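The next block holds one structure in the form of structure tokens; read it before the comments.
Along the sequence shown, the residues carry numbers beginning at 1. Atoms within each ligand, like the ligands themselves, are counted from 1 in listed order. Keep in mind that what you see is a predicted model, and the values were worked out from it rather than measured.
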Amino acid sequence: MKIYHSIAEMRQFIKTQQGKTLGFVPTMGALHKGHIALVERAKTENDLALCSIFVNPIQFNKTEDLLKYPRTEEADAALLRTVDCDVLFMPSADAFYPKKVEMRMDFGHLETLMEGAFRPGHFSGVGIVLSKFFNILQPKRAYFGQKDLQQCAVVQKLVEELSYDLELVICPTQREGSGLAMSSRNKRLTPNQLQEASRLYKALKQLAEAFLKGRNLDTEKAIVIADLQRNTVFNVEYIEFVDRISLVPASPTHTPTQTAICLAASIGGVRLIDNIIVAEA
Ligand code: AMP
């Protein structure tokens with residue numbers, strides 16, 4: 001596996017690979033099976049799979065979250081080698097952003113909902129980092145996890161509105177045996193918190209079942225939130241029934257296939273997100 005740290009080296013390599021298709025998997029490291037599933041898919045669908053590891057400072061709206069983000073670069077590189085990833089791009093923040101980034105991106109209605117509302121400026125940082133990566137790497141396909149459903153909608157908008165010539169591939173969420181969505185942030189949880197955190201998936205399933213049975217969703221949501229927040233185990237930021245593509249609140253005519261249930265909650269100061277499509281619950 002080739003490893004590059006600077007934009008110049010990376011561009012140079014890309015120039016030598018003209019005519020080959022590149023599948024790009026952007027990550028922030030602390031890799032787990034969720035990331036690896038994306039790399040494996042990129043391998044099968046392209047001539048080359050390239051994974052980036054970059055903890056993007058401009059997408060963190062809380063400095064503490066950035067400072068505490070797990071960094072396990074050697075183990076990450078070793079894991080990528082086990083699936084024959086071809087290239088790892090791992091720039092430092094100074095190499096990637098030699099100057100303070102002054103521009104901003106605005107993703108319209110997506111800024112006002114869920115992650116957009118709770119993490120102001122987050123999607124601007126995501127949009128800028130991905131635009132830079134797409135320009136440097138010129139991938140044929142880029143791979144993202146459904147776990148970050150709203151991020152997928154943001155990337156879709158970025159690709160459409162800026163006419164990036166690439167295909168977005170959305171891959172299913174990989175879960176622990178307990179149902180907990182795999183996440184780099186899980187590395188910050190104690191064994192007890194890890195066990196508690198699996199209740200988030202159960203909450204999503206419970207709400208999907210309520211949807212399918214035609215129950216009153218406001219009442220069901222209130223019950224689920226009260227249950228999660230009992231003994232202040234979780235702080236629930238939101239749980240929403242939304243359109244799986246546009247992410248706007250689901251209407252009464254939404255079918256189980258069209259509807260996603262998204263949530264964000266923190267446990268012990270670690271913020272977790274998850275979602276399911278009702279029909280797939
Ligand atoms: P991150 O390193 O958290 O920025 O994630 C990098 C990519 O991996 C994003 O496209 C995520 O949606 C995806 N990803 C993270 N966790 C999972 C998971 N459990 N299953 C599938 N994809 C995931």
[X]: numbered ligand 1 atoms lying under 4.0 Å from its heavy atoms:
X	value
Gly34	18 (C), 20 (N), 21 (C), 22 (N)
Phe144	10 (O)
Pro26	6 (C), 7 (C)
Pro172	20 (N), 21 (C)
Met28	1 (P), 2 (O), 4 (O)
Thr173	19 (N), 20 (N), 21 (C)

Can we say [X] and [Y] salt-bridge, meaning some charged N sits less than 4.0 Å from an Asp/Glu carboxylate O?
X	Y	result
Lys157	Glu160	no
Arg175	Asp274	yes
Glu209	Lys213	yes
Lys33	Glu176	no

Do any nitrogen or oxygen atoms of [X] lie less than 3.5 angstrom from nitrogen or oxygen atoms of ligand 1?
X	result
Met182	yes
Ala181	no
Thr27	no
Leu38	no

What protein heavy atom sits nearest [atom], and how far off is it?
atom	result
atom 3 (O) of ligand 1	Tyr69 OH, 3.8 Å
atom 11 (C) of ligand 1	Asp148 OD2, 3.1 Å
atom 5 (O) of ligand 1	His35 NE2, 3.4 Å

(message) Among residues at least two apart in sequence or on other chains, which ones pass ring-ring contact (aromatic ring centres under 6.0 Å, His included) with His122?
(response)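 Expected list: none.
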
(message) Quick test of your reading: applying ring pair (Phe, Tyr, Trp, His ring centres under 6.0 Å), list the pairs with at least one residue in residues 160-181, sequence neighbours left out, ordered by first then second residue.
(response)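 Those involving residues 160-181 are Phe134-Tyr164.
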
(request) Just say parallel, tilted or perpendicular for the rings of Phe96 and Phe133, cut-offs at 30° and 60°. (result)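 It falls in the tilted class, 30° to 60°.
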
(request) Could you tell me which non-hydrogen atom of Asp47 sits nearest to which non-hydrogen atom of Lys20, and how far apart they are? (result)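 In terms of heavy atoms, the two residues are closest at OD2-CA, 3.3 Å.
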
(message) Once rounded to the nearest 0.5 Å, what's the spacing between atom CD1 of Ile267 and atom CZ of Arg185?
(response)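 With rounding to 0.5 Å, CD1 (Ile267) is 14.5 Å from CZ (Arg185).
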
(request) Please say whether the positively charged group of Lys2, taken as NZ for Lys or CZ for Arg, lies over the ring of Phe13, i.e. under 6.0 angstrom from the six-membered ring centre and within 45 degrees of the axis. (result)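 No - Lys2 does not lie over the ring of Phe13 by the 6.0 Å and 45° rule.
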
(request) Report the member of Gln174, His32, Gln59 with the shortest heavy-atom distance to atom 16 (N) of ligand 1. (result)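 Residue with the shortest heavy-atom distance to the ligand atom: His32.
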
(message) Given Cys152, Gly145, Cys51, Ala37, identify the one with the heavy atom nearest to atom 23 (C) of ligand 1.
(response)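 Comparing heavy atoms across Cys152, Gly145, Cys51, Ala37, the nearest one to atom 23 (C) of ligand 1 lies in Gly145.
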
